[in-house]
Protein chains: 2
Amino acid sequence: MKAPHSRHGHQAKPATIKDIARELGVSITTVSRAMRDFPDVNPQTRQAVLDMARQLDYQPNQVALSLVTSHTNSIGVIVPNLDYFFATAVRGIDELAIEAGYTVLTCQSNESYGREITNTQRLMNGRVDGLIVSLSSETSNVDHFRRLLQRSVPMVFFDRVGTDLEATKVMLDNYDGAVQAVSHLYEQGCRRIAYLAGPASLSISNQRKKGYLGTLEKYGLSVREELIVHCPFDQAHAYRATLALLDGPERPDAIFAISDRIAVGALLALRERGVAVPEEVALVGFNDEPVAALLTPALSSVGQPAFEMGRLAAQLFIEQMNSDELMPPKTELLKPRLVVRESSLKRGR
Amino acid sequence: MKAPHSRHGHQAKPATIKDIARELGVSITTVSRAMRDFPDVNPQTRQAVLDMARQLDYQPNQVALSLVTSHTNSIGVIVPNLDYFFATAVRGIDELAIEAGYTVLTCQSNESYGREITNTQRLMNGRVDGLIVSLSSETSNVDHFRRLLQRSVPMVFFDRVGTDLEATKVMLDNYDGAVQAVSHLYEQGCRRIAYLAGPASLSISNQRKKGYLGTLEKYGLSVREELIVHCPFDQAHAYRATLALLDGPERPDAIFAISDRIAVGALLALRERGVAVPEEVALVGFNDEPVAALLTPALSSVGQPAFEMGRLAAQLFIEQMNSDELMPPKTELLKPRLVVRESSLKRGR
DNA sequence: TTGTAAGCGTTATCAT
DNA sequence: ATGATAACGCTTACAA
């Protein structure tokens, strides 16, 4: 955590407008103006400046520029990790941001609250104009973001958003995603549907849980607490949780998993116990990652438009940047779409 | 590509040392010293400064600091994409860099030469202290990096490195990886081994090709040009290329794929044609991504230590930063390890 | 059309 | 123990 002490001592200094000015015997102002295509510079002067700039391999110093203008034309992105979903979302952010002239600087919090704070601070200490963020699974206190919001720093949260944060958000209709998954399982004849949830602190986990519970209720199925299992976002935990579920008193006939990775853990456990999928236990994941289609049986999964989500987040960010008045926070809800594959198809195969 | 014009006009200015100084009636120098725990400041003054800093929610302006010190304590990372391999490598870079006090700023070139250049410029203009880079598949001209190298900007290349670049590199022993894969296929009785290669411009593709050719020669197998297919790094192309291979005059009895994603494309084509894997055609991929173990049949794959590669790249970078003399470029070669699974096991199953 | 000077927030050098 | 001042590289009034 401590800053490096030694300096790298042999870096030839890059050319500055000062060098160009000295070389040409003009003032730095003239150089500055020529470089930026100001109308009132002598064409010959401009050309001379441009030539000299090329000759000296001049690159404008963005740091100095930022100090003057107090903005950087770059967006800080903080994501919990770079799995398929987030990598895709970041590509979406990238695409829009780059064409709008912004540079996207991505950091991973690595699902750590502490690292999320460090990233936030370092990014905001002058490097970026604002932040696009998806919360780490450890994060429950969002004061570090709230402070920035109070300063009107442009921010957009996506996917894993803070519920009690007055900010612009882009998220999936997680409730609906769960409804689609659980309704489908019900229609396939499943009556003891388990929910393999994520960490209880996460908004997405709870929203999906509500959708799960709502659907059970709709169909008059009783809620069995033993069938709702919270586990960390990794395959090994999901594997163990599923084994416990299978060995428990209340063996489910279907599992709705909060992510495909969790579903994979479950699938491995089901194979291990020799449980037929989907005949004995049907399985639905979430995210519709490419791996879903490659599993045997191919995994049904609730797809979410990760790329689109990133694009939209970037778009809202840029709108905030470009607006001269403070924009009221708004929440955009994207629609999930269940992709049915073999792992949940008991009928009509 | 043009810079945004409008400004975000309602951002309350963050406090500066000037504000603290004014508030306390001391000089900015004193504040600066107090903040940095200088020995010769009156403890009471220091305390007053610290208190005021907290009260004003003071955050040091990293931009101003950078302008003075001309370094930023940050590393720019440019990767072609954020697939499993690169995401893992970036985590490795992150881990080491963060504990050394650096911030890691990641950009994707999206396999585009132009975007790689833009990223390089923007990152360097933002004055990151140096770059850790893996080349885009489009990149054949590396002058943009050579210029930086000439200025002694600290740089480390990893995985996809420029062959004719005098720089520090971390790479896999790709030759050996191919040797392991092809030898294994030979030992399984395969004699018509195809190589599904990547873009011909990529060093890794060619190094693996050499390993492939070397192994054929070692076992006295003749080289059939029709069995060497270059295709872009995506599943769809691999799928089509494999179909062509299967329908061709020289149907292979094994396929060595340059990546797991390519192998997946091949596997899909093999399924499509009803070709038994591994009985009729054995298959080996590269990278040993998690998906490999989940396929049916499970995919044999040459594993590479992505995380370790990232860590090592960061370590070499930091060594460069900390050294006062110019360090001669060196190349670190990491060892691959073939993981044998069902897709290539014809015997002793 | 061009130049001078102030200022962005900080550190470093030299005084006091 | 504290302060004035220059400097980092650039932009932007304001002058000329």
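The structure displayed is predicted, hence computed values, not measured ones. Every chain is numbered from 1, with letters handed out A, B, ... down the list of sequences.
Contacts between residues 31-39 of chain B and DNA chain C, counted as heavy-atom distances below 4.0 Å, involve B:Ser32, B:Arg36. The stretch residues 51-58 of chain A touches DNA chain D through A:Tyr58, each having a heavy atom within less than 4.0 Å of the strand.
Counting any heavy atom pair closer than 4.0 Å across all strands shown, A:Ser66 reaches no nucleic acid atom.
Residues A:Asp129 and A:Thr72 bring a donor and an acceptor atom of their side chains to less than 3.5 Å of each other.
First and last contacting nucleotides of DNA chain D toward chain B (any atom under 4.0 angstrom from a heavy atom, 5' to 3' order): D:dA1 to D:dG9.
By the salt bridge (Lys or Arg N to Asp or Glu O under 4.0 Å) test, A:Asp19 pairs with A:Arg22, sequence neighbours left out. Applying the salt bridge (Lys or Arg N to Asp or Glu O under 4.0 Å) criterion to B:Arg147, with sequence neighbours excluded, gives A:Asp57. In this view, B:Leu50 and B:Met35, B:Arg46, B:Gln47 satisfy the side-chain contact (heavy atoms from CB on, under 4.5 Å) rule, not counting sequence neighbours. Residues that satisfy the side-chain hydrogen bond (donor to acceptor under 3.5 Å, both in side chains) test with A:Glu116, not counting sequence neighbours, are A:Thr139, A:His144. Residues satisfying the side-chain contact (heavy atoms from CB on, under 4.5 Å) test with B:Ala87, not counting sequence neighbours, are A:Leu82.
B:Asp51 has no carboxylate O lying under 4.0 Å from a charged side-chain N of B:Arg54, or vice versa, which leaves the two without a salt bridge.
Listed by first then second residue, pairs satisfying side-chain hydrogen bond (donor to acceptor under 3.5 Å, both in side chains) with a partner in residues 33-44 of chain A read A:Ser32-A:Arg36, not counting sequence neighbours. The side-chain hydrogen bond (donor to acceptor under 3.5 Å, both in side chains) analysis of residues 87-97 of chain A, with sequence neighbours excluded, yields the pairs A:Glu95-A:Arg311.
Side-chain atoms of B:Ser134 never come within 3.5 Å of backbone atoms of B:Val79 as a donor-acceptor pair (strictly under, hydrogens ignored).
Between B:Arg22 atom CZ and C:dT10 atom P there is a gap of 13 Å when expressed in whole angstrom units. What separates CE of A:Met124 from P of C:dG9 is a distance of 15 Å, to the nearest Å. Straight-line distance from the CG atom of B:Asp40 to the C1' atom of C:dT11: 14 Å, rounded to whole Å.
Between the axis at the start and the axis at the end of the helix from C:dT1-D:dA16 to C:dT16-D:dA1 there is an angle of 50°, using five pairs per end and rounding to 10 degrees.
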Output, in order, the C-alpha distance, side-chain angles, deciding distance and verdict of side chain to side chain donor-acceptor pair (under 3.5 Å) for A:Glu111 and A:Ser137.
-> CA-CA 5 Å; A:Glu111 305 285 7; A:Ser137 53; 2.9 Å; yes
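Using the six-membered ring where Trp is involved, A:Phe145 and A:Phe157 have ring planes that are perpendicular, over 60° apart on the 30 and 60° scheme.
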Between protein and nucleic acid, restricted to nucleotides 5-8 of chain C and to nitrogen or oxygen atoms under 3.5 Å apart, what atom pairs and distances do you find?
| unit_1 | atom_1 | unit_2 | atom_2 | d |
| --- | --- | --- | --- | --- |
| C:dC8 | OP2 | B:Lys18 | NZ | 3.0 |

